[in-house]
Amino acid sequence: MANIWRMLAQRLGLGLVTLFVISLLIFGAAELLPGDFAQAVLGQSATEETVAAIRAEYGLDRPFHTRYVDWLGSALQGDFGQSLANRKPVADMIGDRLANTLFLALYAAAIAVPLSLMLGILAALFRNSIFDRSVNALALTSISFPEFFVAYILILWLAQSGLFPSISRFSVDLPLGQKLYNTFLPALTLTLVVTAHMMRMTRAAIINLLASPYIEMARLKGMPPFRVITRHALPNALAPIINVIALNLAYLITGVVVVEVVFVYPGLGQLMVDSVAKRDIPVVQAVALIFAAAYVLLNLTADVLSTLTNPRLMHRR
Amino acid sequence: MTIRNLPNGISRRGVLKGASALGAASLILPAGVRPASAEPKKGGILRVGMGHGSTSDSLDPGSWDNAYSQVFATARHNNLTEIAADGSLAPEIAESWEASADAMTWTFTIRQGVTFHSGKDLTPEDVVASINYHRGEESTSAAKPIVENITDIKIDGQNVVISLNGGNADFPFIMSDYHIPIMPAVDGKIDPTSTDGCGPYVVDKFDPGVEALLTRNPNYWKSDRAHFDGIVLLPIVDAAARQNALMSGEVDVIDRVDLNTVHLLQRAPNIKILSVSGTQHYTFIMDSRADPFTDNNVRMAVKHAVNREELVEKILNGYGVVGNDHPIGRSNRFHADDLEQRTYDPDKAKFYLREAGMDSLSLTLSASEAAFGGAVDAAVLISESAAAAGITVEVSREPADGYWSNVWMQKPFVASYWGGRPTEDWMFSTAYASGAPWNESYWEHEGFNKLLVEARSELDEAKRREMYVEMQRLVRDEGSTVIPMFANYVMAHTDAVATPEQIGANWTMDGFRAIERWWFA
């Protein structure tokens with residue numbers, strides 16, 4: 001167990017360094033983008049005077065490093081500043097949206113993870129059968145289409161008939177049942193997009209092990225095939241599966257902007273895109289850090305879990 | 001930004017297919033001749049899906065730059081004056097106004113008995129603060145240039161007296177600009193983060209990029225407006241999602257109908273398409289300071305090398321009219337009806353090229369979807385029609401992101417658009433006058449500039465008409481802007497929604513005022 005704690009501490013420390021580097025990268029990248037907030041917000045109506053007035057008001061005329069150090073100083077104290085675009089505290093803007101994004105990600109994961117594990121196990125069990133092939137074909141088909149296309153198809157089938165709403169109006173105070181109903185289509189779209197990856201990894205990891213001598217032994221002693229897989233093969237296949245699930249969860253948090261746009265769902269992705277377009281750096285920074293933290297934490301969780309599931313790593317000699 | 005383009009990407013394939021739907025488009029009657037609507041009824045919650053709106057929208061009137069902000073603003077605010085549906089100027093917070101003989105001093109009488117949502121009475125001090133917000137060194141407002149000619153604002157009892165640095169017969173029109181709503185003043189300043197106004201609806205909730213919820217202002221001073229009990233204003237940026245929401249009954253009205261699929265929407269039952277031809281126009285700007293555009297012959301050659309009919313058919317799917325290389329729309333007061341329509345004429349283009357001493361000409365046209373939907377396709381069509389005139393146009397596709405700061409008014413030949421302005425003077429002063437910050441072609445024409453100043457202070461209607469017609473001719477024949485088309489505002493609503501007989505053409509959504517002018521049948 002001491003190993004685990006040491007690893008956790010080490011990785012969390014490294015994670016902080018990663019976040020720091022990312023904040024610097026994002027700040028620098030935003031600097032490289034053509035135009036700044038003053039020009040972006042005024043757009044076609046920009047004149048030199050008003051651009052200069054806005055820069056002066058928000059301190060955008062100061063050099064790059066001063067602005068970064070300023071931002072870093074207050075961020076370290078937990079103050080992510082105000083949005084340049086609508087003068088709201090960044091924390092307020094992100095709070096609700098982060099909750100929405102997590103809700104949708106968990107909703108999709110709650111459908112997709114059990115589904116893909118189940119399908120993966122069954123596909124491994126009946127490998128090369130019609131079932132295996134058709135599940136594979138279906139999963140690959142749905143992952144091959146771009147998300148917005150899958151979304152439109154679902155809207156055509158399920159929303160135009162009036163079964164589900166095509167725009168996912170969402171607010172914190174809706175009852176849970178209504179929330180689940182309103183966001184069913186985006187969750188289903190995301191499920192279709194991420195299932196193939198996890199399902200095929202489960203299948204491959206299990207099949208890989210099926211040739212091992214200890215599996216053969218289990219079979220020889222007369223264990224039913226389903227039990228062989230769940231009791232003997234699956235525990236040893238967990239490490240790669242957990243990693244793939246973590247990756248997909250991270251994707252569900254950070255990469256769903258297209259789905260958000262099609263279903264008009266108020267998540268972090270849309271906020272990020274809008275803020276980049278307006279060069280609203282404080283918001284961009286905060287969202288980017290959340291995304292980065294999601295990757296760091298999920299990867300860490302995956303590593304910890306794979307270590308825990310593998311006695312050879314737990315009791316290293 | 002690429003992400004936003006994705007859905008457009010697929011429908012773009014329909015551009016060429018869309019042309020075949022032209023026949024269907026002509027079935028839609030212009031708003032002016034639709035059957036008279038019944039008397040307005042009160043009640044119901046109107047749900048509007050707008051094609052704009054983002055999380056970075058703000059309540060600051062100096063920053064409103066998209067139709068969502070503008071419609072939302074008009075739902076909660078009033079201005080000094082209002083552009084009526086027929087394009088004339090109507091009183092709003094200003095009960096009446098009069099000008100001095102030289103049109104340099106304007107006296108507005110402020111309406112009494114108007115209250116803000118907060119309960120505060122509207123006073124002349126509020127009006128002064130609301131205008132002053134856009135003036136002065138410190139101002140960060142996009143409207144700063146349009147109030148720049150104000151030298152002084154004074155209060156005289158119930159009147160507000162505004163002095164200008166030059167005569168301007170159209171000044172009251174400027175006070176209708178969406179940037180200048182009347183907001184409550186505290187210590188002589190308005191609070192640009194407040195939703196408080198004196199308009200038809202009170203804001204219950206505003207979540208930028210998600211929704212705005214409003215309920216009727218029970219103390220609204222106009223008795224014949226604001227028929228809905230409440231408003232739900234949703235930004236639905238994706239065109240297909242917007243159309244879907246209307247067809248599945250999740251919203252009652254949408255704007256910015258995708259012209260590539262409008263024929264499909266038309267077939268849906270219980271949906272009406274509203275197409276309004278106004279002042280919105282698309283332009284291709286030649287930098288008059290940059291070679292070869294310094295020579296007017298070259299500019300004329302380019303103007304003759306553009307196939308306008310084709311652009312209206314293929315880019316606007318028929319929802320628009322051809323332009324005559326000047327920015328004044330047919331709905332404007334002094335539109336030059338007798339000016340001959342310029343047509344596609346490769347021979348004339350070649351003639352002008354020879355006049356300029358050239359056999360052939362190579363140009364690079366910079367375009368982006370930021371300029372207007374279909375701008376890149378339009379540029380490609382121009383490139384093809386110009387080839388016949390011996391002009392090689394290479395289309396440079398620019399990123400939408402940063403287009404207004406890095407391409408527009410920076411590169412020599414670019415695509416742009418104008419929402420249009422309610423008066424000739426406003427349009428010309430904004431984008432064609434010498435030294436105007438938005439004079440996109442850097443066009444300098446002595447005669448034009450002189451006429452512009454003279455016409456501005458001329459109060460005799462007939463003389464003004466003559467002057468503005470002459471200015472339209474000058475821009476058409478000597479200007480540095482190709483204006484091939486005027487695009488309609490295309491909206492759609494369900495049968496449940498009723499509209500007045502005449503729909504405002506000055507902006508989309510009935511001049512941004514659909515919310516206070518429309519009702520449920």
Side-chain angles (χ1 to χ4, degrees), chain A residues 33-36 38-51 53-54 56-58 83-88 93 96-97 146-149 151-152 155-156 159-162 165-167 169-171 257-258 261-264 266 269-280 283, chain B residues 1 3-4 6-7 10 49 54-60 62-63 65-66 137-145 179 192-193 205 207-211 232 234-238 240-242 244-245 247-251 370-371 399-408 416-418 437-438 440:
Chain A
L33 287 173
D36 65 355
Q39 288 171 325
V41 80
L42 290 169
Q44 200 189 7
S45 6
T47 63
E48 268 167 43
E49 286 167 42
T50 38
V51 165
I54 291 188
E57 183 171 340
Y58 291 95
S83 153
L84 301 179
N86 52 23
R87 305 180 199 196
K88 286 189 177 176
M93 288 179 73
D96 280 355
R97 298 215 164 219
E147 290 148 332
F148 67 89
F149 182 76
Y152 285 153
I155 288 180
L156 181 67
Q160 294 210 338
S161 53
S166 74
I167 49 177
R169 293 194 57 201
F170 192 89
S171 65
V257 61
V258 177
V261 169
V262 172
F263 291 104
V264 202
Q270 186 63 55
L271 179 66
M272 178 78 152
V273 170
D274 286 347
S275 308
V276 172
K278 282 272 159 76
R279 311 284 187 262
D280 194 345
V283 183
Chain B
M1 289 313 282
I3 289 152
R4 280 203 191 152
L6 282 177
I10 23 168
S54 83
T55 43
S56 43
D57 288 344
S58 97
L59 295 169
D60 180 350
S63 76
D65 62 346
N66 65 51
E137 279 297 299
E138 305 276 280
S139 167
T140 56
S141 167
K144 188 177 173 188
H179 288 104
T193 60
K205 182 184 176 199
D207 191 353
V210 182
E211 62 184 358
V232 177
L234 302 172
I236 309 181
V237 177
D238 183 58
R242 200 158 61 246
N244 269 319
M247 293 203 292
S248 56
E250 287 162 69
V251 296
D401 197 30
Y403 184 77
W404 300 112
S405 41
N406 302 308
V407 180
W408 181 67
S416 171
Y417 85 103
W418 284 95
W438 300 316
E440 19 178 35

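Every chain is numbered from 1 and lettered A, B, ... according to where its sequence line falls, protein lines coming before strand lines. As a basis for the values below, the full set of heavy atoms in this structure was taken, side chains included, without hydrogen atoms, waters or symmetry mates.
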Within the structure provided, determine whether D60(B) and R87(A) are in side-chain contact (heavy-atom separation under 4.5 Å).
yes

OG1 of T50(A) to NZ of K144(B): how many Å apart, nearest 0.5 Å?
6.5 Å

Quick one: are K88(A) and P208(B) in side-chain contact, heavy atoms under 4.5 Å?
yes

Is chain A contacted by the side chain of S141(B), its backbone, both, or neither, given a heavy-atom distance below 4.5 Å?
backbone

Applying salt bridge (Lys or Arg N to Asp or Glu O under 4.0 Å), name anything that partners D96(A), two or more places apart in sequence or on another chain.
none

Between P399(B) and chain A, which part of the residue has a heavy atom less than 4.5 Å away: side chain, backbone, both or neither?
neither

Most contact-rich option vs chain B, by heavy-atom pairs under 4.5 angstrom, among A53(A), A151(A), S83(A), A38(A), is A53(A)

Could you state the interatomic distance from CG (L33(A)) to OG (S405(B)), rounded to the nearest 0.5 Å?
10.5 Å

Between P266(A) and V210(B) the two heavy atoms that sit nearest each other are CB-CG2, 3.4 Å

Part of E211(B) within contact of chain A (heavy atom distance under 4.5 Å):
side chain

On a heavy-atom basis, the closest approach of A85(A) and S58(B) is O-CB, 3.1 Å

Please classify the contact of S56(B) with chain A as side chain, backbone, both or neither, using a heavy-atom distance under 4.5 Å.
both

Measuring heavy-atom distances to chain B, does L271(A) have an atom under 4.5 Å in its side chain, in its backbone, in both, or in neither?
both

Which value, rounded to the nearest 0.5 Å, describes the distance between I167(A) atom CD1 and S248(B) atom OG?
7.0 Å

Sort Y403(B) into side chain, backbone, both or neither according to what part of it lies under 4.5 angstrom from a heavy atom of chain A.
neither

Using atom types as modelled and distance alone, determine if a side-chain donor or acceptor of E57(A) lies under 3.5 Å from a backbone N or O of T140(B).
no

Closest approach of V264(A) to P235(B) (non-hydrogen atoms, all atoms of both residues):
CG1-O, 3.3 Å

Heavy atoms only, distances under 4.5 angstrom: which of I236(B), L234(B), N244(B), D207(B) has the most pairs with chain A? Name it, please.
N244(B)

CA sep, side-chain torsions, deciding dist, call: R169(A), V232(B), side-chain contact (heavy atoms from CB on, under 4.5 Å)
CA-CA 11 Å; R169(A) 293 194 57 201; V232(B) 177; 3.8 Å; yes

When the 4.5 angstrom heavy-atom criterion is applied to P145(B) and chain A, the contacting part is side chain

Please check: side-chain N/O of D274(A) versus main-chain N/O of T55(B), any donor-acceptor pairing under 3.5 Å?
yes

